[in-house]
Amino acid sequence: MTTLRIGVIGAGIVGLSVARRLQQANVEVTVIDKELTVAAHQSSHNSNVVHSGVYYPPGSLKAKLCRRGGGLLRAYCAERRLPYEEIGKVIVAVRDDELPRLFDLAKQAKANGIPGSQVIDASELRDREPHVRGRSALLIPGTAVVDFRVIAEQLAADVVQTGGEVILGHPVKEIDVRAAVVHIATDAHERVFDHLVVCAGLQSSLLARMVGAASDPEIIPFRGEYYEIATEHTDLIRGLVYPVPDPRYPFLGVHFTRGLGGHVHVGPNAVLALSQEGYRWSDVRLRDVWRTARYPGTRKMARQNWQMGAREICGSVSKSIFLRRARAYVPDLTRTDLVRSGAGVRAQALHRDGSLADDFVIDHRPRVTLVRNAPSPAATASLAIADHIIGEMADNDESFARRVR
Ligand SMILES: Cc1cc2nc3c(=O)[nH]c(=O)nc-3n(C[C@H](O)[C@H](O)[C@H](O)COP(=O)(O)OP(=O)(O)OC[C@H]3O[C@@H](n4cnc5c(N)ncnc54)[C@H](O)[C@@H]3O)c2cc1C
């Protein structure tokens, strides 16, 4: 049997999980990333939470792959002796009108098979999180924290140790899909593969255009900024404290996240970034701004959601507003407790009609597989996403199926 050559664009946690899985199937794998380190973007600028899967509609890819991926990740961390701390999460209702949504989430947690989830009352919440105020909460004891950058580094090491190649610091600039092979060119290399898997995160739509795919959905960058609680007051939070999500904007609201090592992050918010990889307000790239502004979906989304957008910008520029929102959960928090921390940029897939693509989106085309939408919880789900992609590739190609099954 001739060796199959597969290229993976993107050394984030999704691309590296795919590469490692392919390598196990005895395929010659080359991973290419434009940055000098692995996991340079979303996979290292995130909350590092191994999500339980409570938020996702039963039956969705997110629900299935998050549950399965969380289990695979836990086993992988144990096998590789990487930190994995189960610190538990509470989703807190601070107002009575949030209670029906909290109870709906509790039902969804059961439907998604999340072990140990239960609704607790205000006094049980106080026992668990003495500084957090709330009417009631949904407790998910198995939610864990990890370091996704370290996990990605280990995945890359696995790929290399088993004979794969990881090329860093070279952007893919051209892709030429032919009948029997696919040619790619970086600034320094030309390579020929039998198949290409594109896991390019914030640049997914750019790469999709290179292979001639439709520009729907388009990736719009949303920056999520964090504060950190000053070291002397991190005891205000013991685990993970999240709000009851607004179903229209499930990723918004003040989140308190105790990470490995005991630091506590507060955030992230979500503001439109002015560059595809814009970690600060001052990171502006006119080409990206123009592309975002010109896309019909952006204008429709802006018209439908301008109030929420304005609210998030206020929270970004005003510490007082951010503090007021955080104090709804932790009244003892003071202005000096909040210290500005880093930011991440979400790759948010947006359809032309202005609706957000919620679930994971993976397109299979002749010779190319495109991961078009892998937002949170894709880091949690990455190992399961890899199995899913390879399963679908095998369904589409009998000779590939013989190698991987
Ligand atoms: C603020 C924030 C908080 C989050 N919190 C969590 C969380 O707690 N738990 C969770 O499970 N998920 C979380 N997520 C989501 C998670 O981080 C992402 O879903 C995941 O990291 C996506 O991985 P990826 O490999 O698809 O993308 P990325 O990590 O962005 O990797 C894409 C890679 O492609 C490379 N690339 C792009 N274009 C090219 C090119 N032309 N040539 C070569 N290389 C290219 C980039 O350099 C990059 O390394 C969060 C995300 C954000 C932004």
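Order of listing sets the numbers, starting from 1, for every ligand and every atom in it.
The distance criterion of under 3.5 Å between nitrogen or oxygen atoms is not met by Pro268 with respect to ligand 1. Inclusion of His170 in the set of residues having an N or O under 3.5 Å from an N or O of ligand 1 is not warranted. For ligand 1, the polar-atom distance check finds an N/O of Ala374 within less than 3.5 Å of one of the ligand's N/O atoms. Inclusion of Val172 in the set of residues having an N or O under 3.5 Å from an N or O of ligand 1 is warranted.
In this structure, Ala200 counts as a contact residue of ligand 1, since one of its heavy atoms falls inside 4.0 Å of the ligand.
At a threshold of 4.0 Å, the pair Lys173-Asp187 does not count as salt-bridged, since none of the basic side-chain nitrogens sits closer than that to a carboxylate oxygen. Of the charged side-chain nitrogens involved, at least one lies within less than 4.0 Å of a carboxylate oxygen, so that Arg209 and Glu218 count as a salt-bridged pair.
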> Do His45 and Tyr279 pass the ring pair (Phe, Tyr, Trp, His ring centres under 6.0 Å) test, and can you show the C-alpha distance, the side-chain angles, and the key distance before you say yes or no?
Replying inline: CA-CA 10 Å; His45 293 79; Tyr279 293 92; 4.6 Å; yes

Can you give each donor-acceptor pair under 3.5 Å made by side-chain atoms of residues 70-78, sequence neighbours left out, with the distance rounded to 0.1 Å?
from  : atom 1 : to     : atom 2 : distance (Å)
Arg74 : NH1    : Glu86  : OE2    : 3.3
Tyr76 : OH     : Asp158 : OD2    : 2.6

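A donor-acceptor pair under 3.5 Å links the side-chain atoms of Lys110 to the main chain of Ser117, judged by distance alone.
At a 4.0 Å heavy-atom cut-off, ligand 1 does not touch Val50 at all. Of the heavy atoms in Ile9, only side-chain atoms (C-beta onward) come closer than 4.0 Å to ligand 1. If you look at Leu206 next to ligand 1, there are no close heavy atoms at all, none under 4.0 Å. Within the 4.0 Å heavy-atom criterion, neither part of Phe222 lies near ligand 1. With a 4.0 Å heavy-atom cut-off, ligand 1 is reached by no atom of Lys173. When heavy-atom distances to ligand 1 are checked against a 4.0 Å cut-off, Ser382 has no atom that comes that close, whether in backbone or side chain.
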